[in-house]
Amino acid sequence: MALKARVGRRVRRPTIPAALADRVPPGQVIATRWPVLHQGEIPLFDPETWDFRVSGLIEAELRWTWDQWQDFPTVTLDGDLHCVTRWSSLGHLWTGVSSRYLYDLVHVNPSARFVVLHGEGAYSANLPLDDFLDSRVVLATHHNREPLTPEHGAPVRGVIPDRYAWKSVKWLRGVEFLADDRPGFWEAFGYSNSADPWHEERFEPE
Ligand SMILES: Nc1nc2c(c(=O)[nH]1)N[C@H]1C(S)=C(S)[C@@H](COP(=O)(O)O)O[C@H]1N2
Ligand SMILES: [Mo]
């Protein structure tokens with residue numbers, strides 16, 4: 001009986017609606033609710049002491065307060081999240097400062113080829129400068145027109161739509177411009193440096 005039942009059973013795979021198929025990278029399933037995933041604790045946000053630092057290959061290190069951040073122009077863009085643990089979360093509208101705006105503002109030395117996005121504490125993620133400057137990259141303060149919630153990275157998070165979501169650093173506190181690449185938090189553990197979900201670049205080849 002048990003054997004028969006087993007033979008008759010089909011492995012159920014979640015089906016991806018045809019209309020969304022081209023938005024879901026290989027090996028991913030669509031998450032029905034927006035998951036919350038991160039290392040460690042959700043940091044407290046104090047607008048009085050919060051700052052954002054730009055460092056590395058720029059004329060002089062910069063520090064912006066939360067008040068100053070409010071003066072930056074914003075863009076509003078779609079951006080899906082693809083977690084390497086195989087969920088994809090679609091239909092997010094992000095509002096924030098575009099990476100290109102920040103780059104142009106701070107006069108980066110042309111020798112810079114890479115960036116490290118620094119989160120609160122020890123979390124970070126690296127990107128080639130070209131990936132960072134992609135027109136869809138936003139340093140978001142708002143999600144679906146509401147301020148970001150603490151668990152999703154308030155007050156500012158990176159959104160890097162075409163890379164696995166560990167590069168979309170929550171609680172973003174700074175950007176560092178570098179001539180040479182330097183692995184971030186997960187990249188140092190063997191996760192893919194390039195992290196392109198469309199090519200399933202989950203882990204760095206041995
Ligand atoms: N600072 C910080 N940012 C982070 C992480 C983290 O641990 N710390 N986890 C990353 C991972 S692995 C994922 S999948 C996304 C999840 O974002 P969400 O919780 O808003 O869905 O955040 C990314 N950003
Ligand atoms: Mo993730």
Side-chain angles (χ1 to χ4, degrees), residues 14 16-17 19-20 22-25 28-54 62-105 115 117-121 123-125 127 131-175 184-186 195 197:
I16 292 171
L20 296 176
D22 64 351
R23 284 174 61 183
V24 183
Q28 298 291 109
V29 296
I30 296 177
T32 45
R33 307 183 71 158
W34 185 9
V36 172
L37 193 67
H38 51 259
Q39 286 289 112
E41 301 288 307
I42 297 170
L44 285 176
F45 166 52
D46 176 354
E48 298 300 319
T49 57
W50 184 92
D51 65 5
F52 191 95
R53 286 170 191 274
V54 187
L62 285 165
R63 175 183 171 271
W64 293 312
T65 64
W66 180 239
D67 243 20
Q68 289 170 314
W69 190 274
Q70 310 313 307
D71 294 337
F72 295 147
T74 60
V75 292
T76 296
L77 297 170
D78 272 320
D80 298 335
L81 294 174
H82 308 296
C83 179
V84 73
T85 64
R86 297 186 182 273
W87 55 261
S88 286
S89 182
L90 311 182
H92 302 284
L93 197 62
W94 309 97
T95 302
V97 177
S98 78
S99 56
R100 169 60 70 173
Y101 176 82
L102 182 142
Y103 178 81
D104 290 341
L105 187 66
V115 302
L117 304 178
H118 291 282
E120 197 83 43
Y123 197 86
S124 63
L127 287 172
D131 288 9
F132 177 69
L133 294 180
D134 185 289
S135 61
R136 300 176 57 223
V137 170
V138 50
L139 311 183
T141 51
H142 289 70
H143 174 264
N144 292 352
R145 314 239 180 235
E146 299 288 337
L148 273 177
T149 55
E151 68 270 26
H152 289 298
V156 180
R157 82 173 293 168
V159 179
I160 324 290
D162 285 320
R163 295 295 173 257
Y164 281 117
W166 80 78
K167 305 253 188 197
S168 289
V169 176
K170 303 198 278 191
W171 314 298
L172 188 66
R173 293 290 299 273
V175 178
F185 183 88
W186 285 117

Heavy atoms, side chains only, cut-off 4.5 Å: are [X] and [Y] in contact?
X      : Y      : answer
Trp50  : Trp171 : no
Thr141 : Gln70  : no
Thr74  : Thr95  : yes
Leu127 : Ile160 : yes
Leu90  : Val24  : yes
Trp66  : Phe52  : no
His118 : Val175 : no
Trp34  : His92  : yes

Mind listing the closest non-hydrogen atom pair of [X] and [Y] along with its distance?
X      : Y      : value
Leu172 : Gly158 : CD2-N, 4.1 Å
His142 : Pro147 : CD2-N, 3.4 Å
Gln68  : Arg63  : OE1-O, 3.8 Å
Pro25  : Pro197 : CB-O, 3.4 Å

**Prompt:** Which is it for Leu148 and Arg157 under the side-chain contact (heavy atoms from CB on, under 4.5 Å) test, yes or no, and what are the steps along the way?
**Reply:** CA-CA 9 Å; Leu148 273 177; Arg157 82 173 293 168; 3.9 Å; yes
**Request:** Could you verify whether a donor N or O on one side chain and an acceptor N or O on the other, from His143 and His152, lie under 3.5 Å apart?
**Result:**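 His143 vs His152: no donor-acceptor pair found between side chains.
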**Asked** With a 3.5 Å cut-off and no angle check, do the side chains of His82 and Ser88 form a donor-acceptor pair?
**Response**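 Looking only at side-chain atoms, Ser88 and His82 do form a donor-acceptor pair, the distance falling under 3.5 Å.
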**Side-chain (Glu151) to main-chain (His38) donor-acceptor, under 3.5 angstrom** =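 No, because the side chain of Glu151 does not come within donor-acceptor range (under 3.5 Å) of the backbone of His38.
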**Request:** Report the C-alpha separation of Trp69 and Leu139 in whole Å, then their side-chain angles, then the decisive distance to 0.1 Å, and conclude whether the side-chain contact (heavy atoms from CB on, under 4.5 Å) test is met.
**Result:** CA-CA 11 Å; Trp69 190 274; Leu139 311 183; 4.1 Å; yes
**Request:** Just do the side-chain contact (heavy atoms from CB on, under 4.5 Å) check on Trp186 and Gln39 with the steps written out, would you?
**Result:** CA-CA 10 Å; Trp186 285 117; Gln39 286 289 112; 3.5 Å; yes
Point-to-point distance, once rounded to the nearest 0.5 Å, from [atom1] of [X] to [atom2] of [Y]:
X      : Y      : atom1 : atom2 : result
Asp51  : Asp67  : CG    : CG    : 13.0 Å
Gln28  : Ile16  : CD    : CD1   : 8.5 Å
Leu37  : Lys170 : CG    : NZ    : 6.5 Å
Leu81  : Trp166 : CG    : CH2   : 13.5 Å
Asp131 : Arg136 : CG    : CZ    : 12.0 Å
Thr85  : Tyr164 : OG1   : OH    : 10.0 Å

Under 3.5 Å donor-acceptor pairs involving side-chain atoms of residues 97-104, not counting sequence neighbours:
residue: Ser98; atom: OG; partner: Tyr101; partner atom: N; Å: 3.1
residue: Ser99; atom: OG; partner: Phe132; partner atom: O; Å: 2.5

**Prompt:** Ring centres of Phe72 and Trp64 under 6.0 Å apart?
**Reply:**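 Yes, the ring centres sit under 6.0 Å apart.
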**Prompt:** Hey, mind stepping through Trp87 and Ile30 against side-chain contact (heavy atoms from CB on, under 4.5 Å) and telling me if it holds?
**Reply:** CA-CA 6 Å; Trp87 55 261; Ile30 296 177; over 6 Å; no
